[in-house]
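In what follows, chains are A, B, ... by sequence order, proteins preceding strands, each numbered from 1.
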Number of protein chains: 2
Amino acid sequence: MTDRPDLAAMIVPLSRALVDAELPVLREHDLSMWAYSVLLALDERPLRTQAALAESIGADKTRIIGVLDDLQRRGLIDRTPDPADRRARVLSLTAEGRRVRDSAQTGIRHKEERLLARLSVEDRRGFLRALRALAALPHEEITNA
Amino acid sequence: MTDRPDLAAMIVPLSRALVDAELPVLREHDLSMWAYSVLLALDERPLRTQAALAESIGADKTRIIGVLDDLQRRGLIDRTPDPADRRARVLSLTAEGRRVRDSAQTGIRHKEERLLARLSVEDRRGFLRALRALAALPHEEITNA
DNA sequence: TATTGTTATACTCTATAACTATA
DNA sequence: TATAGTTATAGAGTATAACAATA
């Protein structure tokens, strides 16, 4: 094995620093990290249940309720009972929600690009390709490796 | 900008999954993540103060006290008042501490290698090179980017 | 007066279980 | 009875402030 620091020893602090870097951007939009995650997850397609949303962003279903309350109150998401099953709440982005998401994401990507600019072209490419591949793995496939 | 998911959206879940994957290995050695971090940080050179150790692993100085208590009680670290400044505690690994660290690290690297084996040779190289470069940056240099 | 380590306290986050309303 | 959402509670993790010893 090539000599290198532990993966986690590098990734965990980097992860924390990235979050710290992005929180000010989110705060400008009055978004918590979970709220931003919700806006991202709802970007593509509406979701039929809150539990599905929670699972897709790695949160507990009880943990996002306050987040959804706030986003709904601010008109950033729609949250209506499913006529076919009135237990479920269909979730989707509003136009305003999409606007806020776009604005926040632009700021975040701007910061990220400045960080990635420190890498050589080939390292940057390998880093992003590898990161996408690893991030696409199911959680259990990593923990059970 | 090339289209890609947010960096943090990929790194944060990956970071969590990595930690979840490694915790069982650490538990076999009765080590918490912070305890393991301490053993890694003390590996190279002894440190003159607990505050310096805490800072080097991104922890609060009050948070590692219980960790150090436990490691000292188990004979994995030495923790003696500095004769030149009796306020400070000089910290170093014992031979047993080094043995436990090596054993835990072997298990952790084994898991990591199985994960990295999913990447192509060139992506793996770029990923590790980029990760080392980004992890070497001071925390503020990332947050202020 | 400042610094090192420590303890005590409060605060945030998270996980678990219990409740309601629908099915 | 099972499920979606909600609420309440407790637990872990973390941050802040106050304290004792030493400089």
Specify the separation, in whole Å, of atom CZ of A:Arg87 and atom P of C:dT22. 10 Å

Step by step, work out the salt bridge (charged side-chain N to carboxylate O under 4.0 Å, His left out) result for A:Glu112 and B:Arg4. CA-CA 11 Å; A:Glu112 291 180 349; B:Arg4 56 164 175 81; 2.9 Å; yes

Given that A:Arg79 and B:Asp82 both sit by DNA chain D, which one's nearest nucleotide is further toward the 5' end? A:Arg79

More than 12 heavy atoms of other residues, nucleotides or ligands under 6.0 Å from CD of B:Glu55: yes or no? no

Regarding A:Arg79 and A:Gln72, do their side chains bring together a donor and an acceptor under 3.5 Å, going by distance alone? yes

Pair B:Arg114 + A:Glu141, salt bridge at N-O below 4.0 Å: no

Near-strand residues of residues 47-76 of chain A, defined as heavy-atom separation under 4.0 angstrom from DNA chain C: A:Asp60, A:Thr62, A:Arg63

As a test of reading the structure: which of C:dG5, D:dT22, D:dT6 is closest to the side chain of B:Arg86, going by heavy atoms? D:dT22

Is the distance from OP1 or OP2 of C:dT14 to the nearest side-chain N or O of A:Trp34 less than 4.0 Å? yes

Looking only at the side chains, is there a donor atom on one of B:Thr62 and B:Asp60 sitting less than 3.5 Å from an acceptor on the other? yes

Is any NZ, NE, NH1 or NH2 atom of the basic residue among B:Asp20 and B:Arg16 found under 4.0 Å from an Asp or Glu carboxylate oxygen of the other? no

